[in-house]
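Sharing a structure, written as structure tokens. Questions coming.
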Amino acid sequence: MRMEDRKAAVSAYKKRDVDSGIYAVHCMASGEVWVGGAPDLSKIQNRLWFTLRQGTNTHRSLQTAWNAHGAEAFSFEIVERLDAEEIAHVRDRVMRERLIQWAEQLRAVRI
């Protein structure tokens, strides 16, 4: 790949629209639910599944359930996308508030 092409590709990647928001991980076998917030929803499931497969996820209850029931027992769901323009300067605070609300609503563990 030529240097100009590489620079153009990197620039395009940086300019892409990124959705931030709240997601839920469900274990169908146990009925447990975990919710989390992510600044880039397009990447979080891959990151979670990778750490769970490696046995290195930092959320003990999630890793324990994964080990007990296996990947096929889990599903991933985006429960809310946050408006990027509306929350740009207060994203962290808004995400924390929405995460608390979703955890209560779904009776879920926050991750």
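If you're wondering where the values come from, they're calculated on a predicted model, not measured in any experiment.
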Nearest-0.5 Å distance, CG of residue Asn57 to CZ of residue Phe50: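 Spacing of CG (Asn57) from CZ (Phe50) equals 11.5 Å.
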Parallel, tilted or perpendicular, as decided by the 30° and 60° cut-offs, for the rings of Phe76 and Tyr23: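 Answer is parallel, since the angle falls under 30°.
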Linked, directly or transitively: Trp66 and Val35 (ILVMFWY side chains, under 4.5 Å): no
Over all atoms of both residues, closest heavy-atom pair of Ser75 and Met28: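 Here Ser75 and Met28 meet closest at OG-SD, 3.7 Å.
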ILVMFWY cluster, Trp49 and Ile44 together (side-chain gap under 4.5 Å): yes
Short side-chain to backbone donor-acceptor contact, Glu80 and Ile22, under 3.5 Å: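 Absent.
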From CG (Asn67) to CZ (Arg60), nearest 0.5 Å: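 That separation rounds to 10.5 Å.
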Shared hydrophobic cluster for Val109 and Val25 (ILVMFWY, side-chain gaps under 4.5 Å):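 Val109 clusters together with Val25.
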Non-hydrogen atoms of Asp19 and Arg81 that approach each other most closely: OD2-NH1, 2.9 Å
Non-hydrogen atoms of Ile100 and Arg110 that approach each other most closely: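 That closest heavy-atom pairing would be CG1-NH1, 3.3 Å.
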Arg98 to Leu82 - nearest heavy-atom pair and separation: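 Closest approach of Arg98 to Leu82, heavy atoms only: CG-CD2, 4.1 Å.
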Same apolar cluster (I L V M F W Y, side chains within < 4.5 Å links), Val79/Met95: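 The answer is yes; both residues are in one hydrophobic cluster.
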Value rounded to 0.5 Å, distance of CD in Gln54 from CD in Gln63: 9.5 Å
Spacing of OG1 belonging to Thr51 relative to CG belonging to Leu62, to within rounding of 0.5 Å: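 Atom-to-atom, Thr51:OG1 and Leu62:CG are 7.5 Å apart.
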Same apolar cluster (I L V M F W Y, side chains within < 4.5 Å links), Phe74/Ile111: yes
From CA spacing to verdict: side-chain hydrogen bond (donor to acceptor under 3.5 Å, both in side chains), Glu32, Ser30: CA-CA 5 Å; Glu32 293 172 281; Ser30 69; 2.8 Å; yes
Considering all heavy atoms, the nearest Ser20-Pro39 contact: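 Answer, listing the atom of Ser20 first, then Pro39: CB-O, 3.3 Å.
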